[in-house]
Amino acid sequence: MTRFKSHMDQALEEARAAATRSEVPVGAVLVGPDGIVLASAGNRTRELIDPTGHAEILAIRAACQALGSERLPGCDLYVTLEPCPMCASAISQARIARVYYGATDPKSGGVAQGPRVFDHPQSHHRPEVYDGISAEACEDLLKTFFQEKRS
């Protein structure tokens with residue numbers, strides 16, 4: 001049995017880098033079944049002028065390219081914020097095995113909040129979901145970012 005190793009620190013690094021680009025600080029890391037990081041990304045919606053440029057989507061795209069497959073079975077996704085409905089649907093379509101996220105998103109979340117995408121019968125795949133991973137650090141990063149935007 002392999003020992004659990006969180007990759008949330010790397011996701012937080014991606015989120016911090018996103019903040020320096022004036023993007024909402026969300027970061028994601030996709031890890032293969034062997035524990036090797038396949039891809040990591042931070043939000044780039046503004047930079048790419050693309051509403052789908054969420055960290056999760058970018059990491060999924062890069063991991064699929066790296067593996068040469070549109071499916072990521074056995075892979076783990078670490079993300080600093082609860083995935084939105086769009087990202088949750090992409091996670092399901094990619095057949096990602098496990099999702100670990102930090103901060104909950106009562107306003108725009110799609111996993112434990114709002115539409116709860118994985119609970120719908122139309123969801124093609126339901127990953128294992130683990131929340132609250134490094135939640136305080138993830139929440140602090142988001143709060144600080146938005147406080148600075150408002151001041």
Side-chain angles (χ1 to χ4, degrees), residues 2-67 72-118 125-151:
T2 57
R3 172 177 267 166
F4 173 77
K5 178 186 186 289
S6 175
H7 293 268
M8 194 59 79
D9 286 344
Q10 186 175 352
L12 278 161
E13 287 176 29
E14 290 287 351
R16 289 184 195 101
T20 65
R21 297 187 302 270
S22 296
E23 301 276 1
V24 174
V26 177
V29 176
L30 245 159
V31 180
D34 57 2
I36 303 294
V37 172
L38 297 171
S40 63
N43 274 358
R44 292 183 180 274
T45 59
R46 291 172 184 244
E47 177 185 338
L48 299 174
I49 313 168
D50 179 359
T52 69
H54 290 200
E56 300 95 308
I57 300 291
L58 298 174
I60 289 169
R61 287 176 183 161
C64 286
Q65 287 295 312
L67 294 178
L72 301 169
C75 293
D76 296 340
L77 176 67
Y78 292 82
V79 61
T80 58
L81 181 64
E82 176 183 355
C84 72
M86 173 185 69
C87 292
S89 183
I91 290 163
S92 176
Q93 295 290 330
R95 309 299 196 268
I96 292 170
R98 285 164 294 280
V99 176
Y100 300 89
Y101 69 85
T104 59
D105 189 353
K107 183 178 177 187
S108 301
V111 176
Q113 316 290 320
R116 301 174 193 232
V117 171
F118 302 136
H125 167 76
R126 179 182 173 86
E128 295 174 31
V129 176
Y130 303 92
D131 62 357
I133 310 295
S134 302
E136 189 174 339
C138 296
E139 291 165 3
D140 289 347
L141 182 59
L142 286 158
K143 286 177 185 173
T144 300
F145 176 81
F146 285 112
Q147 284 171 350
E148 290 174 0
K149 287 285 182 198
R150 290 184 190 111
S151 57

| Are Leu142 and Val24 side-chain neighbours, meaning at least one heavy-atom pair lies under 4.5 Å? | yes
| note | The complete set of salt bridge (Lys or Arg N to Asp or Glu O under 4.0 Å) pairs with one or both residues in residues 83-94, sequence neighbours excluded, reads none
| Under the side-chain contact (heavy atoms from CB on, under 4.5 Å) test, residues paired with Cys84 that sit two or more places apart | His54, Met86, Cys87
| request: Quick one: closest heavy-atom pair of Cys75 and Ile96, and the distance? | output: O-CG2, 3.4 Å
| remark: Nearest heavy-atom approach of Pro73 to Pro33 is O-CG, 3.8 Å
| Quick one: side-chain hydrogen bond (donor to acceptor under 3.5 Å, both in side chains) partners of Ser92, sequence neighbours excluded? | Ser123
| Restricting to pairs with a member in residues 4-20, which pass salt bridge (Lys or Arg N to Asp or Glu O under 4.0 Å), not counting sequence neighbours? | none
| note | What one should report as the nearest heavy-atom pair of Glu56 and Val26 is OE1-CG1, 4.2 Å
| request: Taking the side chain as every heavy atom from C-beta outward, state whether Val31 and Ile36 have any atom pair closer than 4.5 Å. | output: no
| request: Write down the atom of Thr52, the atom of Arg61, and the distance for their closest heavy-atom approach. | output: OG1-NH2, 3.2 Å
| field | Side-chain heavy atoms of Phe118 within contact of Val129, under 4.5 Å | value | yes
| field | salt bridge (Lys or Arg N to Asp or Glu O under 4.0 Å): pairs with one or both residues in residues 73-97, sequence neighbours excluded | value | Asp76-Arg98
| task | Considering non-hydrogen atoms only, spot the tightest contact between Ala55 and Ala41 and give its length. | result | CB-O, 3.5 Å
| field | Listed partners of Glu128 passing side-chain hydrogen bond (donor to acceptor under 3.5 Å, both in side chains), at least two apart | value | Tyr130
| said: Give me each pair satisfying salt bridge (Lys or Arg N to Asp or Glu O under 4.0 Å) with a member in residues 138-151, each pair once, sequence neighbours excluded. | reply: none
| request: Looking only at non-hydrogen atoms, find the nearest pair between Leu58 and Gly53 and report the distance. | output: CD1-O, 3.6 Å
| request: Could you tell me whether the side chain of Pro25 reaches within less than 4.5 Å of the side chain of Thr80, counting heavy atoms only? | output: no
| So, the side chain of Ser151 versus the backbone of Gln147: is there a donor-acceptor pair under 3.5 Å, distance only? | yes
| request: Just jot down the side-chain hydrogen bond (donor to acceptor under 3.5 Å, both in side chains) partners of Arg46, sequence neighbours excluded, or say none. | output: none
| For Glu47, salt bridge (Lys or Arg N to Asp or Glu O under 4.0 Å) partners two or more places apart | Arg21, Arg44
| task | Compare all side-chain heavy atoms of Met8 with those of Cys138 and state whether any distance is below 4.5 angstrom. | result | yes
| Do side-chain atoms of Thr144 reach the backbone of Leu141 as a donor and acceptor pair under 3.5 angstrom? | no
| request: Just jot down the side-chain hydrogen bond (donor to acceptor under 3.5 Å, both in side chains) partners of Thr45, sequence neighbours excluded, or say none. | output: Glu23
| task | Check whether any side-chain heavy atom of Tyr101 sits under 4.5 Å from a side-chain heavy atom of Ile133, and report yes or no. | result | no
| request: Give every residue pair that meets the ring pair (Phe, Tyr, Trp, His ring centres under 6.0 Å) criterion with at least one member in residues 8-31, sequence neighbours excluded. | output: none
| field | Listed partners of Ala63 passing side-chain contact (heavy atoms from CB on, under 4.5 Å), at least two apart | value | Leu30, Leu38, Ala39, Leu72
| query | How many angstroms lie between CG in Leu12 and OG in Ser6, if you round to the nearest 0.5 Å? | reply | 8.5 Å
